[in-house]
Amino acid sequence: MMGPEIASGFDSPPEREEMESLALSDASASAYRSAMSSIPASISASSDGDPLLAPPPTLHFPISSSASGHGGNPATSTASSFLDPPSYADVVFSPFNSHNGHGGCGSGADNGSLLRSDSSPRSARAAKSDYIKISVSNPHKEQETANSLVPGGGTYFTYLITTRMRSGFASNGDGESEPVEFGVRRRFRDVVTLSDRLAEAYRGFFIPPRPDKSVVESQVLQKNEFVEQRRSALEKYLWRLAEHPVIGKSDEFRVFLQAKGKLPLPTTTDVASRMLDGAVRLPKQLFGEGAAAQVVPQEVVQPAKGGRDLLRIFKELKQAVTNEWGGVKPLLVEEDKEFLEKKEKMQDLEQQLSSASQQAEVLVNGQQSIGETMGEIGLAFIKLTKFETEEAVYSSQRIRAADTKNVATAAVKASRLYRELNAQTVKHLDTLHEHLGLMLAVNSAFSERTSALLTVQTLMSDLTTLNTRVDKLEAASSKIFGGDRSRLHKIEELRETIRVTEDAKGCAIREYERIKENNRNELNRLDQERKDDFLSMLKGFVINQVAYSEKLANVWATVAEDTSTYVRGNS
Amino acid sequence: MSALGGGGGALRNASTALAISSTESFAGTPSCHTKRVRRPPGSFYWLHAVTPAPPLDTTTLKQLVFVSDYAESMIPPEIGPQKSSSQSPRSPSGAPFLSISVTDPVKLGNGVQAYISYRVITKTNLPEFQGPEKIVIRRYSDFVWLHDKLADKYKGIFIPPLPEKSAVEKFRFSAEFIEMRRQALDIFVNRIASHPELKQSEDLKTFLEEDEEAMERIRSFETGIFKKPADLLQMFKDVQTKVTDVVLGKEKPVEETDPEYEKLKHYIFGLEDHLTETQKQAVRLVKRHRELGQSLSEFGKAIKLLGACEGDSLGKVFAELGSKSELLSIKLQKEAHNLLMNFEEPLKDYVRCVQSIKDSFSHRANAFRLHCELTETTKLKEINLEKLNLMRSDKTREAEIEYRELKAESEEATRRFETIIKRMNEEIVRFQEQKTAEMGLAFHLFAKGQAKLANDIADAWRNVLTKIEAYSLSSGHD
C-alpha cells in the first residue's frame, strides 16, 4: 500500500521545500487515505488491522543500488543531507537493540552503506578509505560438508560481501581508471577468523569490535530476523574496519574481502588443540629440558594466551601476582603519566557514554510512543468522523464531523512526522552506541599494552634470576681450582639461555614500545574522530528536531486557525 | 481567549492553590470531626485569610494559566461577556444575566471524612434572585443533590453531567484532581444556569442562595425516612407491573418501536463507544507527553555529563543541548497539563453527557411503559364499564368513578411521556449544537497547544543549532 513512496523517496536528496510538499501533501495524504479506506477492515478485524502501524512489505531494499549513489555524489556532505528524504523506508525501523551493544542498533531500513553516506565527517572519513562501497547481502543457507559433532547443527549461512574500491587501490592495481569491484562469499566463522587475525597482528590498535556470536539470539529469534540482524551488523562492522586508517589498508582485511573461494587466512588453531599442544610441551618446560624452556624471541610479540605456552602463562601470572601483592617494584613500570591520565579519562567517558546512550534509548522510545499514540488518536477520530457522518441528522453534526476529520488528519500527519523524526533521531544518536562499542576496542588495546608490559617484566625478572644463578655457579666453581666441568657446562648453558632471553626481552620491549606508540596514535585519532562524530551527531539531531518541529507546528497551526471561530470573542 | 481573561484566570487559580495548601495544615484540627461540619456564615473568610501562604513554585503557577481557557469558554455567550469583561453585576446593557462561578476549593475535615468545599458565587440581575451577588459554600454532595433533584423533576431533559463521584483515594486531594473537579462543577452549574428550562428551577435557586444550614436542613429532610416518595411509588408500581406481566404472560417489557427513536438510541450507544475509545487515547497522549518530558530531562542531564568529558568548547555545546532538553522537558509537562484540562477533560465531559442522555432513555422507557399499561387498563375498565352499563349493575357508579380516575391518570401518564419526547427532541438539537461548539473549542486548544509546543521545541533547538554552527566555524570544521 505504500509502494510508490519507497521508490520516489530515494531518488535524490531533495531540497527543503520539495521535501515539505512531499511530506505534507503527497505521502501523508495517501497515508490518511489508506487509513481511511481501511477502516471497515480494521473495525471488522478489531484492533489488529491498524493501518498506521503496518510496515511496508519490504524490509530492506537492494543495497547495491541505493549505496552506489554515494560514490557518484560526493557532495552529500552538505548540511541539507542531514535531512533525508522522507520516505516510508525511514518510518520502518527497529528500535535500539540493547542486547547487542554495538551491532544491530541502527535503523533496520538504514543499511550501513546508507548510514555512511549522509553525515559529513563520517563520509569524509569514508572518503579517505579505499572503499567506495561495502555491502553484505544475499544470505544463503549452506550444508556443512564435514560431519559436525553437534547433531542438527550442520547448516550455516554465507553472505555475499561486495566491495568497490577506489581506482588504483585494488591489490591487482594495474592502472585501471575504473573502480574495481569484488564479490566474495563468507560465513560468520570467517569473520571471527579475520577479527582474531587482526587482534594478533595489530596489538595496541583500537580495532572495532566484531559483532557478537549471539548464540542466544540465534535460538530465540526467527531465522530470517536473526540473519537480517547479523547481516546489517556485519556490514556495519566491515565499514568500521574499512574506515580505520591502518586496519582498512591491511592485507588481512583485503584478503578477506577480495580472495575468491575459501578464506585463505590461516585459522588460528582452536583452543582445544592449543591446550593439547601446550600440555605435551609442559613437562619438558617444567623440567627445563633442552631449548623448550627458552622463550622463543618471535613468540614474545604475541600475548601469552590460549594455552600455547602454559609455562609462560604461569610465569606471567606469577609476575602479575608479585606485582599486585608482593609490594616489590617491578623493574619496569607503567610510568607514562599522560597515558594513565588519559586512561582514567577514557573510563569516565565510557561511563558517561553508557548512561547517555541509555537515556538516548529511553528518549527514542518516548518519542516513538508519543507518535504512536498520536496516530491512535487520529485513528479514533477518523472512526468517529465516519460514524458521525453516517449517523448525521443535524447540520451541527456535520460541522462537527468536518472538524473532527480536520483534527484526525492533523494527528495522523503528526504521527508520521514523529515517526520520521524518530528514525532520524535513532540514526544520529546511534553515534553514542557506536562509540560505546568502540570503548571495548579501547579497553582491549589497553589490556594488550598491559600484557605486553607483563611479558617484559617477566622476562626481566627471569634474567635477574638467571644472572644470580650464573653468579652463584661461578662463585662456586671458582673455589675449585681448574673449575668444575659440570658446573662450567651448566654456566655455559645458562649463558646461552640468558642470551636467548635477552633477545626475547629486546623483542618484547620493542613490541611494548610499538604498542605504546599505537595506543598513543590511536587515542589521538579516536579523540579527533569522536569530536567529529559528536559534532555531526549533535548537528544531525538538532537539525532534524528543528525541521520536524517546524512541520509539526505548521500542521497544528493550520488546525488551530481553522477552529479559531470557536473561541468566544474571536468570531 | 483574550490575554486579559487568561491573566485573570491565572490570578484566581493561584489564589485557589494558595487556599488549598494553606488549609492543609488544619486537617488535624479535631473540630473537623463531625460528619458535616457546622460552618457559621462567613467562616470561609476566616479560612481563606490564613497566613502565611506557603511558597508556590512557579511551574505550578504557570501550569495553572492553562486551566481556565476551556472552562471560561464553556460559559454560554449570553452570560459570558459580563463575566470576562467586568465583574460588575450592573451590566450597562441591562440584559438579563445569571453568572455563576465555582471557586476556591478548600479541604476540610480529615481522614475518610475529609472533603473539599467550594465557594459558589452568583451574580445576576434577574428579579427572582435575592440580590445582585450571593456567595455560598457548597460541597460536592450538594451538587449531587441539585443534579438528582433536576433529574427527577425534568425528565427528558439531558441534565448536565457531574464529574465522577470517586477518584482513587491517592489522587482525591491532589491539586490537579481538585482543579479538574472545580472546573467541571463550574461548567455544571453554568450549564444549568444557561438552560432555558432548568434555570427557572426552584432547586437551582435554593442551591445558589440558601445559607449552609438551610441547605443542610433541606437535604436532610429529603434524605430522611420520607426519602423520595415518588421513587417508592414508582418502585411499588414496578413490582406491580412485573407481577401483572408474569400473570398475563407478558415476559418482555413494553418497548417503543419508533424507528427514529431506535436510530437515536443506536447513535447514542455507538457514540459512547467511539468517545470512550477516543478519550482513552487522549489519556494516553497526556501520559506520553509526561513520559517524553521526563526522558528528555534525563537525556539532557546525561548529555551534559558526557559533554563535561569532552571539556573544551564542544563540551559547552553539549551543555547547551542538555539545558535546552531540560527546558523543553518543562514545556512538555506544561503541554501535558494543557492537554489534560483542555482536551482530555472535554472529551470525558462529552462521554458524561452521552451517559446523561442514556439516563433520559430509561426515564422515557419507564414513562412509556406506564403510559402503555394505563392505556391498556383504562381500555379494560372501559369495556368493563360498558358491560356493567348493559347489565345495569349496581356497581356501575363505582366503576365509572374508578374509570374516570384511571382515565385521568392515564392521560397524565401519556402527557408526561409526550413531554419527555418533546423535550428530548429539543434537547438533542441543543446537545448537538453545544457539542459542536465545545469540541470545536477543545480541538482549537489542542491544536494551539501542540503548535505552541512544536514552535517552542523548534525555537529551542534552532538556538542550539546556531551555537553548534559557531563552534564548527571556530574549530575549523566545516
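Since this is a predicted model, take the numbers as computed values, not measurements. Chain naming here is simple, since letters A, B, ... match the order of the sequence lines and numbering starts at 1 in each.
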**Prompt:** In terms of heavy-atom contacts, does CD of B:Glu262 have more than 12 from other residues, nucleotides or ligands at under 6.0 Å?
**Reply:** yes

Output for pair (B:Met439 CE, A:Thr404 OG1), nearest 0.5 Å, gives 7.0 Å

Side chains of B:Ile457 and A:Leu552 in contact at under 4.5 Å (non-hydrogen atoms) | no

Most contact-rich option vs chain A, by heavy-atom pairs under 4.5 angstrom, among B:Glu291, B:His289, B:Lys287, is B:His289

B:Gln281 and A:Ile377 have their tightest heavy-atom pair at CB-CG1, 3.5 Å

Highest number of heavy-atom pairs under 4.5 Å with chain A among B:Leu275, B:Leu453, B:Leu296 belongs to B:Leu296

Between the CD atom in A:Gln359 and the OG atom in B:Ser325, the distance rounded to the nearest 0.5 Å is 11.0 Å

* Do the non-hydrogen side-chain atoms of B:Gln450 and A:Met374 ever get within less than 4.5 Å of each other? -> yes

- Query: Taking side chain as C-beta onward, heavy atoms only, is B:Ser472 less than 4.5 Å from A:Leu535?
  - Reply: yes

CZ of B:Phe299 to OG1 of A:Thr425, rounded to nearest 0.5 Å, is 9.0 Å

Answer key: most heavy-atom pairs under 4.5 Å with chain B among A:Gly366, A:Ser369, A:Ser355 is A:Ser369

Value for CG (B:Leu332) from CD1 (A:Ile370), rounded to nearest 0.5 Å, stands at 6.0 Å

Inset, instruction - Report yes if the side chains of B:Leu465 and A:Phe541 come closer than 4.5 Å at any heavy-atom pair, otherwise no. - result: no

Atom NZ of A:Lys342: over 12 foreign heavy atoms under 6.0 Å:
yes

Whatever's closer than 4.5 Å to a heavy atom in chain A on B:Lys263 counts as both

* Asked: Would B:Glu310 and A:Arg530 pass as an ion pair if we require N to O under 4.0 Å?
  -> yes

* Asked: Side-chain contact, heavy-atom cut-off 4.5 Å: A:Glu391 with B:His266?
  -> yes

Between A:Ala560 and B:Ala447, the two heavy atoms sitting closest are N-CB, 3.5 Å

Note to self: Can you confirm whether B:His444 sits close enough to A:Ser564 that some side-chain heavy atom of one is under 4.5 Å from a side-chain heavy atom of the other?
What the structure shows: yes

Residues A:Gln352 and B:Cys309: closest non-hydrogen pair is CG-SG, 3.4 Å

Does a side-chain heavy-atom distance below 4.5 Å link A:Gln397 with B:Tyr267?
yes

For a 4.5 angstrom cut-off between non-hydrogen side-chain atoms, does A:Phe534 reach B:Leu306?
yes

Cut-off 4.5 Å, heavy atoms of chain A, and the answer for B:Leu305 is both

Looking only at heavy atoms, the pair that brings B:Ala302 and A:Ala356 closest together is CB-CA, 3.7 Å

Problem set entry | Ring centres under 6.0 angstrom apart (B:Phe443, A:Tyr566) | no

>> Quick check: B:Phe431 with A:Tyr394 (ring centres under 6.0 Å apart)?
In response: no

Looking at B:Arg462 and A:Glu550, is any side-chain nitrogen of the basic one under 4.0 Å from a carboxylate oxygen of the acidic one? yes

Q.
A:Val546 vs B:Asp459, test: side chain to side chain contact (heavy atoms under 4.5 Å, CB included). Steps then yes/no.
A. CA-CA 7 Å; A:Val546 171; B:Asp459 288 347; over 6 Å; no

Honestly, the part of B:Leu264 sitting under 4.5 Å from a heavy atom of chain A is neither

Comparing B:Lys301, B:Gln294, B:Glu433 against chain A, the one with the most heavy-atom pairs below 4.5 Å turns out to be B:Glu433

CZ of B:Arg288 to CD of A:Gln368, rounded to nearest 0.5 Å, is 10.0 Å

So CZ of A:Arg400 and NZ of B:Lys435: to nearest 0.5 Å the spacing works out to 8.5 Å

Nearest heavy-atom contact between A:Thr373 and B:Leu285 is CG2-N, 3.6 Å

Check against side chain to side chain contact (heavy atoms under 4.5 Å, CB included), B:Ile428 and A:Val393: CA-CA 10 Å; B:Ile428 197 76; A:Val393 179; over 6 Å; no

Note: vs chain B, highest number of non-hydrogen pairs under 4.5 angstrom among A:Asp562, A:Val407, A:Ile399 is A:Val407

Filtered by a 4.5 Å non-hydrogen cutoff, the part of residues 315-324 of chain B contacting chain A is B:Val317, B:Phe318, B:Leu321

Most heavy-atom pairs under 4.5 Å with chain B, out of A:Asp527, A:Thr563, A:Val559, A:Leu349, belong to A:Thr563

Does a donor on one side chain sit under 3.5 Å from an acceptor on the other, for B:His274 and A:Glu388? no

